[in-house]
Protein chains: 2
Amino acid sequence: MLDERKASILRAVVEGYIETAQPVGSGHVANAPGVTVSSATVRNEMAALESDGYLAQPHTSAGRIPTEKGYRYFVDTLSEPVLDRASAQQIRAFFDRTHGEIEEMLAATTRLLSGLTNSAAVVVRPGHESSPVRTVQIVGLAPSTALFVAVLADGSVEKATVELLVEADEAVLEAAARHLATHLTGRPLATLAQVPPALETTVEAVVARVRLAGVSASADEQVFVGGAASMAASFEAVHTIRSVLSILEEQLVVVSLLRDVVDRGLSVAIGSETGMQPLAECSLVVAPYTVDGEQVGTVGILGPTRMNYPQALAAVAVVGQRLGHRLSEG
Amino acid sequence: MLDERKASILRAVVEGYIETAQPVGSGHVANAPGVTVSSATVRNEMAALESDGYLAQPHTSAGRIPTEKGYRYFVDTLSEPVLDRASAQQIRAFFDRTHGEIEEMLAATTRLLSGLTNSAAVVVRPGHESSPVRTVQIVGLAPSTALFVAVLADGSVEKATVELLVEADEAVLEAAARHLATHLTGRPLATLAQVPPALETTVEAVVARVRLAGVSASADEQVFVGGAASMAASFEAVHTIRSVLSILEEQLVVVSLLRDVVDRGLSVAIGSETGMQPLAECSLVVAPYTVDGEQVGTVGILGPTRMNYPQALAAVAVVGQRLGHRLSEG
DNA sequence: GTTGGCACTCGGTAGCATCGAGTGCCAACG
DNA sequence: CGTTGGCACTCGATGCTACCGAGTGCCAAC
């Protein structure tokens, strides 16, 4: 696409801009390692890169800054990013140290990633509809309220409060639980929607309500967000921070955003590639993680377009991989 | 403390500053409703208020802004704040509409409060140690891993992953569960720590591990935070936003912050009254909520010191009250 | 094709005058 | 004697000008 010299000049501009947040002039580029020509030549090449859409000039007589196309080229031609020692060590220590509930662990993972990249970090955990049911319970809470509890094979516990509409004693609840257990155990939780009616009418009344309440509960992904504060530090405009924050607050938006990027087979979405106007000044770096060979979730970070891509790509990839391993073992 | 005239002048300054975010001059105060004297008199009084520590001057020849002491006086002498119609209606609609799991409801409550006050909102739900146990279950996940699940009377489900150290078959797990059930059912979950050893050694091995893993799980409060974006909109300095965000991200800090304020019997903590240096420019408005007459949690908002206190106080109080009612019924 | 040289551009900064909101003080007034 | 109008003063904000310098495009020479 670009000849070697243009490429290294572009690379120098991107790296310079990432480091200083200032437009990069021909002088700096000429001094950069990997560029051996004079500043005049650099100027010619930069003019060409600008008319090709890789660079932009905030105003005449200023240096150049990368466009989205420029960042894209930079990212695409990046040599396989490798993690620095300190970060690798930090990740290793984290996964050695962290135990306990998966929710707590995923939340902690966002803090880890955010610390490594100075960006907001996101971990998406998929819904549990397809995980097989291990046990089913119905516990009465009030005369006409019960709690449906299902323990799934992946170790998650799904619960749904059920308004029974009628009063039901323990015996009825137990019968309903037994009925559900026979049709659910070993099958995915989503099967709940197809559990056949129970024979006895009082029991069926309970089962029907559980069927209704339980289905919606398990479907949605769970999103963990961390490091909004470090994200805020990367932007100077308050309105940018504000709009990024409001996006991060909407779980549904975050989920579909990440899914969208992953589905397109990308690991980086730059500015408008995210498909969200408020993220025009942001980039998203994502990696799916797999448990037992199956892709089950996504980790990612959200930072400014002028983020440190090599570091971010490496960190996200390694954390995603380690997270998958960790979840596979237990 | 202050004579009537000083009080209304102080009030006018606080209200003016809250509205405009600009230092308030004697001219504006003289025109304010409730002030009938000339601007010269206002100037004299304002000088007195300043030397008494209620007002401050950013620089000579600028208007006055309230000090923390000024805000404090303003809040303390506020007539019982009453909610405007629109907000009251919004709250009513919210509680009529909202159903489902308590976690989802508390999260939605933060969004409600944040919308009403343009601040970040926080809801703290206490730990469940003291809630009686309804059922106990131990589910094997892997040869030497099990999941301890307890359903509590308040409808919450506590779970803890247990590394067994030894392999245990279903029969042993079931025996352990039965042992735990006999000593736990009807008693607070915290009793888990005092469950006596089981007789059979293989069973006791499991019980011991559960005892260990289960205790830590139930102790901690759960914190829901919402509306960080609206909070960000209230500040101009990025570093303020950043430090507030990093506080909101630390659950432990938020919990102890709110508890501290509630314990001091306050419903408003202004600036340094929060006891946290990074919150110097923030105020905290809190209200406990009660379920069945027992104080079980806290709702609150975190905004700039120049927030709309009457509105905030009213909104937090009403939401806390309605939330308590709502949780009491079912 | 590359490079040094050069005129040019234009944002940023400093200096300076001006403006005006606001103050403190004082003398006059009821 | 408290209140008020008047007045000189302060000082941040605004606007203007000059200037500096980083950076550019272009061109002639190598």
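Excluded from the calculations below are hydrogen atoms, water molecules and symmetry mates; all remaining heavy atoms, backbone and side chain alike, are included. To find a chain, count down the sequence lines: A is the first, B the second, and so on, and within it residues start at 1.
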* To do: For Phe224(A), enumerate each residue passing the ring-ring contact (aromatic ring centres under 6.0 Å, His included) test, keeping only those at least two apart in sequence or located in another chain.
  => none
Is there any protein nitrogen or oxygen under 3.5 Å from a nitrogen or oxygen in nucleotides 17-22 of chain D, and what are the pairs?
none

* To do: Can you label the angle between the Tyr54(A) ring and the Tyr73(A) ring as parallel, tilted or perpendicular, going by 30° and 60°?
  => perpendicular
* To do: Give me the residues of residues 31-56 of chain B where at least one heavy atom lies under 4.0 Å from an atom of DNA chain D, by number, or none.
  =>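 When residues 31-56 of chain B is checked for heavy atoms under 4.0 Å from DNA chain D, the hits, listed by number, are Val37(B), Ser38(B), Ala40(B), Thr41(B), Arg43(B), Asn44(B).
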For the side chain of [X] and the backbone of [Y], is there at least one donor-acceptor N/O pair under 3.5 Å apart?
{"X": "Gln90(A)", "Y": "Leu116(A)", "result": "no"}
{"X": "Ser87(B)", "Y": "Leu83(B)", "result": "no"}
{"X": "Ser243(A)", "Y": "His239(A)", "result": "yes"}
{"X": "Glu249(A)", "Y": "Gly227(B)", "result": "yes"}

* Count the heavy atoms belonging to other residues, nucleotides or ligands that lie under 6.0 Å from CD of Gln89(A), then report whether that count exceeds 12. =>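 Atom CD in Gln89(A) is crowded, with more than 12 foreign heavy atoms closer than 6.0 Å.
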* Asked: With a cut-off of 6.0 Å (strictly less than), are more than 12 heavy atoms of other residues, nucleotides or ligands near CZ of Arg264(B)?
  -> yes
* How is the base pairing of DNA chain D summarised as a dot-bracket string, given the Watson-Crick and G-U wobble criteria with both distances under 3.5 Å, [ ] for crossing and | for another strand? -> ||||||||||||||||||||||||||||||
* **Donor-acceptor pair between Thr41(A) and Asn44(A) side chains, under 3.5 angstrom** =>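 Looking only at side-chain atoms, Asn44(A) and Thr41(A) do not form any donor-acceptor pair under 3.5 Å.
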* Looking just at side-chain N and O atoms, do Glu68(B) and Thr305(B) make a donor-acceptor pair shorter than 3.5 Å? ->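 Their side chains do not contain a donor-acceptor pair, so the 3.5 Å distance test is not met.
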* **Positional range of nucleotides in DNA chain C within the contact set of chain A, heavy-atom, under 4.0 Å** =>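 Contact boundaries, 5' end first: dT2(C) to dG11(C).
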* **salt bridge (charged side-chain N to carboxylate O under 4.0 Å, His left out) involving Arg5(A) - partner list, sequence neighbours excluded** =>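 Per chain and number, Arg5(A) pairs via salt bridge (charged side-chain N to carboxylate O under 4.0 Å, His left out) with Glu45(A).
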* Asked: So how far is it from Glu19(A) CD to His28(A) NE2, rounded to the nearest 0.5 Å?
  -> 10.0 Å
